[in-house]
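Notes follow the structure.
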Amino acid sequence: PVYNALINGFCRDNKIKEAFSLLSQMADKGIKPNVITYSTIINSLSDAGKVESALAVLAKMFVTGCSPNVHTFTSLLKGYFMEGRLFEALDLWNQMIQEGSEPNVVAYNALIHGLCSNGRMEEALSVSYNMERKGCYPNVTTYSALIDGFAKAGNLVGASMVWNKMITNGCLPNVVAYTSLVDALCRVFMFNQAHCLIEKMAAENCPPNTVTFNTFIKGLCCAGKIEWAVKVLEQMDQDGCLPNATTYNELLDGLSKANRIKEAFELFREMMEKGVEPNIVTYNTMLYGFCHAGMFKEPLQLLGEMLLMGKKPD
RNA sequence: AAAACAACCUGUGUUA
């Protein structure tokens with residue numbers, strides 16, 4: 001348990017090398033890694049987009065006589081889907097069932113999310129029906145993944161259908177579910193409705209958070225409704241919801257794509273004054289904006305500032 | 001509290 005906790009800590013810090021060295025240290029001391037040890041490592045490799053390495057660890061598990069469980073399979077599934085390897089993901093799913101690991105709600109959610117993010121909404125929906133039939137009931141995470149999938153596909157009808165089913169099934173929406181629905185509305189340019197939904201959230205005892213507002217602002221910026229987006233920024237403060245770097249990045253991007261680089265730069269300064277630290281995306285956005293506007297002195301200056309702030313250009 | 005699942009930002013505004 002102590003080693004597993006340590007390995008988990010390294011994995012969370014993206015220190016996979018250190019995690020592996022702990023693994024070999026365990027071997028030196030004659031401590032046998034268990035399924036949790038291996039799954040922890042497999043999960044972080046999957047998250048890092050290194051499914052091949054994750055599979056190598058899986059093979060090693062088998063060699064040492066340790067069987068994967070549903071956690072292990074779910075982590076690998078995620079890795080396959082992240083790389084768009086749909087068929088291998090589905091093969092893995094079948095393999096999991098054949099090996100006698102019953103999928104639980106988390107595993108189903110990972111499968112549904114993977115299908116959604118690979119554009120397979122039909123299949124994702126039918127998986128949600130199947131799980132229910134098998135007595136594994138969809139939860140708010142399941143519904144949110146589906147709503148988000150329909151939102152990204154520009155399918156408001158689908159998103160609303162899932163939302164209604166969620167309510168009918170007595171599942172309480174949380175801030176993620178609401179935010180996904182806000183996104184669905186924004187993507188079909190129903191900004192007034194999105195605004196109303198955000199207002200409703202507070203009344204329903206589920207106050208919007210920074211991501212909710214960011215989603216709304218992004219939708220407005222993409223539609224060229226920058227003035228409205230700026231108003232939303234101002235309103236966030238009143239709602240006790242702090243803008244973060246992403247909030248500003250979206251607005252900076254919107255302004256510079258609308259050829260309003262000067263205002264973008266002012267907002268960039270304002271961001272710093274308000275104590276929101278620019279990140280690498282902020283700088284990339286500004287640099288892009290300047291260059292796009294045919295300005296060449298400013299980006300060089302900004303690059304200098306960036307280095308002073310201890311940020312590495314990527 | 002030893003492990004797995006859902007929502008937001010830049011990069012060529014990509015499903016015609």
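- The side chain of A/Lys257 places an N or O atom within less than 4.0 Å of a non-bridging phosphate oxygen (OP1 or OP2) of B/G11.
- Atom name C1', nucleotides B/C8 and B/U12: the rounded distance is 22 Å, in whole Å.
- Heavy atoms of A/Asp253 sit under 4.0 angstrom from primed sugar atoms or phosphate atoms, though from no base atom.
- Ring centers of A/Phe265 and A/Phe290: under 6.0 Å apart, within the cut-off.
- For A/Asn69 against B/A3, a side-chain-to-base donor-acceptor contact under 3.5 Å is present.
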### Task
Begin from the C-alpha positions of A/Tyr248 and A/Phe268 and carry the test ring pair (Phe, Tyr, Trp, His ring centres under 6.0 Å) through to its verdict.
CA-CA 8 Å; A/Tyr248 283 100; A/Phe268 174 74; 9.6 Å; no
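- Remark: the A/Asn34 side chain and the A/Thr37 side chain contain an N/O donor-acceptor pair separated by less than 3.5 Å.
- Counting only heavy atoms from C-beta on, A/Ile36 has its side chain closest to B/A2 among B/A4, B/A2, B/C8.
- For A/Lys218 and A/Asp253, the salt-bridge test fails: no basic side-chain N is under 4.0 Å from an acidic carboxylate O.
- With B/A7, B/C9, B/A3 as the choices, the nucleotide that has an atom nearest any side-chain atom of A/Asn249 turns out to be B/C9.
- Relative orientation of the A/Phe216 and A/Phe191 rings is tilted, given thresholds of 30° and 60° on the angle between their planes.
- Side-chain to base pairing of A/Thr40 with B/A3: no donor and acceptor N or O lie closer than 3.5 Å to each other.
- Between the CG atom of A/Asn214 and the P atom of B/A7 there is a distance of 14 Å, rounded to whole Å.
- When the shell of 6.0 Å around CD of A/Glu277 is examined, it contains 12 or fewer heavy atoms from other residues, nucleotides or ligands.
- Rounding to whole angstrom units, CE of residue A/Met96 and P of B/C5 are separated by 14 Å.
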### Query
What's the verdict on side chain to side chain contact (heavy atoms under 4.5 Å, CB included) for A/Leu45 and A/Val51, showing C-alpha distance, side-chain angles and the deciding distance?
CA-CA 6 Å; A/Leu45 289 169; A/Val51 200; over 6 Å; no
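- Residues A/Tyr129 and A/Lys165 meet the side-chain proximity criterion, which asks for heavy atoms closer than 4.5 Å.
- On the C1' atoms, B/A4 is 27 Å away from B/C9, given to the nearest whole Å.
- Rounded to a whole angstrom, the distance from the P atom of B/U15 to that of B/U10 is 15 Å.
- Taking the side chain of A/Asn279 as heavy atoms from C-beta on, and the options B/A7, B/C9, B/G13, the nearest nucleotide is B/C9.
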### Summary
For RNA chain B, the expected dot-bracket line (Watson-Crick or G-U under 3.5 Å, [ ] crossing, | inter-strand) is ................
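- A/Tyr178 and A/Trp163 have their aromatic ring centers within a separation under 6.0 angstrom.
- Around atom NZ of A/Lys50, no more than 12 heavy atoms belonging to other residues, nucleotides or ligands sit under 6.0 Å away.
- If you check B/A4, B/U10, B/A7 against the side chain of A/His71, the one that comes closest is B/A4.
- Rounded to a whole Å, the CH2 atom of A/Trp93 is 11 Å from the C1' atom of B/C5.
- Put simply, CZ on A/Phe268 is 13 Å from C1' on B/U10, counting in whole angstrom units.
- Distance from the side chain of A/Asn284 is smallest for B/U10 among the nucleotides B/U10, B/A7, B/A3.
- Within 4.0 Å of A/Asn139, counting heavy atoms only, lies no atom of the nucleic acid at all.
- Counting non-hydrogen atoms of neighbouring residues, nucleotides and ligands closer than 6.0 angstrom, the OH atom of A/Tyr137 reaches no more than 12 such neighbours.
- The distance from atom NZ of A/Lys78 to atom C1' of B/A6 is 12 Å, rounded to the nearest whole Å.
- With ring centers used as reference points, A/Tyr108 lies under 6.0 Å from A/Trp93.
- At whole-Å resolution of the value, CG in A/Asn4 and C1' in B/A3 are 8 Å apart.
- In this structure, OH of A/Tyr38 is placed 14 Å from C1' of B/A3, rounded to the nearest angstrom.
- Counting any heavy atom pair closer than 4.0 Å across all strands shown, A/Cys11 reaches no nucleic acid atom.
- In the set B/A6, B/A3, B/A7, B/A6 carries the atom at the smallest distance from any side-chain atom of A/Asn174.
- Nearest nucleotide to the side chain of A/Val281, out of B/U10, B/C5, B/A7: B/U10.
- Closest to the side chain of A/Pro1, out of B/A4, B/A2, B/C8, is B/A2.
- Distances shorter than 4.0 Å separate none of the side-chain N or O atoms of A/Tyr283 from OP1 or OP2 on B/C9.
- Checked against B/A3, B/A2, B/G11, the side chain of A/Tyr288 finds its nearest nucleotide in B/G11.
- Within the nucleic acid shown, A/Thr141 comes within 4.0 Å of at least one base atom, counting heavy atoms only.
- Looking at residues 109-118 of chain A, you'll see A/Asn109, A/Ala110, A/His113 sit with a heavy atom under 4.0 Å from some atom of RNA chain B.
- If you take CD1 of A/Ile280 and P of B/C9, they are 17 Å apart, rounded to a whole angstrom.
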